[in-house]
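Reading through the structure tokens given below for one structure.
In each ligand, atom 1 is the first atom listed, and ligand 1 is the first ligand listed.
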Amino acid sequence: MPIRLSRTFVLRKLHQLSGIVPLGLFLLEHFYTNSKALDATHGQANFNAAVHDLQSIPYILFVEIGGIFIPLIYHAVYGLVITFEARPNNLAYPYPRNWFYLIQRITGIILFFFITFHVLNFRFGMIPGLNSVSVAQHPDQAFGIVSGEFSMIPIFLIYMIGITATVWHFANGIWLFMVDWGITIGEKAQRLTGYACIAFGVVLLMVGINAAVAFIRPGGLLGGIL
Ligand code: HEM
């Protein structure tokens, strides 16, 4: 007898998968590119060259639309639908996993606003009163545009909150994915995978923040020691 998959099941699986591939992979690539700014002497040139290299990928517009924008819009919009269907019961059942369930939804809402702001601010230069130049179209000015924005304390704080929310959402999302897709089975394996995801999240958070700091302090948090 053929197996019939419900529409919700397929939409839900696609939502989970899109969080890992391509969005999670893109996040790792993004932090890697940003980390090019870390070199205390050549950070500016290295970062601008990295932006230039990305923009010279053949068919980059289609890669961006198909590989980032469409999956992102799908994951974000369906994620908001899932969020508004949720009925949190954390006060009655205050278990860690129940709090993680709620924080996954809160960080999703933060991400929705943060990513909209971030894309309009840097990719398109369209936030009134802030940067008006598209970084992608002016790789030679990329470092200068980002450091100009990050020199404003409120903007830098927005990025710190956005980076933290993104890393939390992704690290907890990997755990959810591994359990939901039957990769991590059994209580002990799920607990150990939880610790691994926390460790991964802490390292990724340091990498993300260090790269952001490099735009306002040569060499990043450690001033170029590493
Ligand atoms: C833009 C706004 C976003 C919203 C509103 C959102 C919302 C959500 C929600 C509500 C869930 C939980 C789904 C569930 O429990 O079934 C989720 C899961 C997830 N999200 Fe997002 N998300 C957003 C952006 C992102 C981004 C940028 C990434 C990648 C870095 C990402 C990666 C993940 C992963 C890996 C999962 C776990 C999938 C699973 O449940 O198996 N999300 N998202």
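- Of all atoms in ligand 1, listed by their number and element, those nearer than 4.0 Å to a heavy atom of L23 are 29 (C).
- An N or O contact shorter than 3.5 Å links R12 to ligand 1 by distance.
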Carefully, step by step, assess N172 and R97 under the rule side chain to side chain donor-acceptor pair (under 3.5 Å).
CA-CA 10 Å; N172 187 51; R97 271 286 138 215; 3.1 Å; yes
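- Shortest contact from atom 18 (C) of ligand 1 to any protein heavy atom: Q104 NE2, 3.4 Å.
- Residue-ligand proximity, I115 to ligand 1, at heavy-atom distances under 4.0 Å covers atoms 1 (C), 27 (C).
- Salt bridge annotation for D180-R12: absent, with no cationic side-chain nitrogen under 4.0 angstrom from a carboxylate oxygen.
- Residue contacts to atom 21 (Fe) of ligand 1: H75 brings an N, O or S atom closer than 2.8 Å.
- A parallel orientation is assigned to the rings of F114 and H118, their planes being inclined by less than 30° (bins at 30° and 60°).
- With respect to atom 21 (Fe) of ligand 1, H169 has NE2 as its nearest N, O or S atom.
- Scanning the protein for heavy atoms near atom 5 (C) of ligand 1, the closest one is G108 O, 3.2 Å.
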Please lay out, stage by stage, how F47 and F215 fare under the test ring-ring contact (aromatic ring centres under 6.0 Å, His included).
CA-CA 10 Å; F47 180 70; F215 288 91; 4.9 Å; yes
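- Counting only heavy atoms of the protein, atom 36 (C) of ligand 1 lies nearest to G173 CA, 3.7 Å.
- Hydrophobic clustering (ILVMFWY, side-chain heavy atoms < 4.5 Å, transitive): L111 and F170 are in one cluster.
- For atom 39 (C) of ligand 1, the nearest protein heavy atom (residue, atom name, distance) is Q16 CG, 3.3 Å.
- The distance from ligand 1 to the heavy atoms of G19 drops below 4.0 Å at these ligand atoms: 29 (C), 32 (C), 33 (C), 34 (C), 35 (C).
- Using a 4.0 Å cut-off to heavy atoms of G79, the atoms of ligand 1 that qualify are 7 (C), 10 (C).
- The environment of I153 atom CD1 is sparse: at most 12 non-hydrogen atoms of other residues, nucleotides or ligands sit within 6.0 angstrom.
- At least one N or O atom of R105, backbone or side chain, sits closer than 3.5 Å to an N or O atom of ligand 1.
- A 6.0 Å sphere centred on CZ of F112 holds no more than 12 heavy atoms belonging to other residues, nucleotides or ligands.
- The aromatic ring centres of F100 and W168 sit less than 6.0 Å apart.
- The shortest contact between atom 11 (C) of ligand 1 and any protein heavy atom is with H15 CE1, 3.7 Å.
- Against a heavy-atom cut-off of under 4.0 Å, T83 is close to the following atoms of ligand 1: 10 (C).
- For R105 and Y101, the positive end sits near the middle of the six-membered ring, less than 6.0 Å away and at most 45° from its axis.
- Within the 4.0 Å heavy-atom criterion, both parts of L176, backbone and side chain, lie near ligand 1.
- Listed by number with element, the atoms of ligand 1 under 4.0 Å from a non-hydrogen atom of F112 are 1 (C), 2 (C).
- No more than 12 heavy-atom neighbours from other residues, nucleotides or ligands sit within 6.0 angstrom of CE on M126.
- Classified by interplanar angle (parallel below 30°, tilted 30° to 60°, perpendicular above 60°), the ring pair Y159/F150 is tilted.
- Here the protein heavy atom with the shortest distance to atom 1 (C) of ligand 1 is A76 CB, 3.5 Å.
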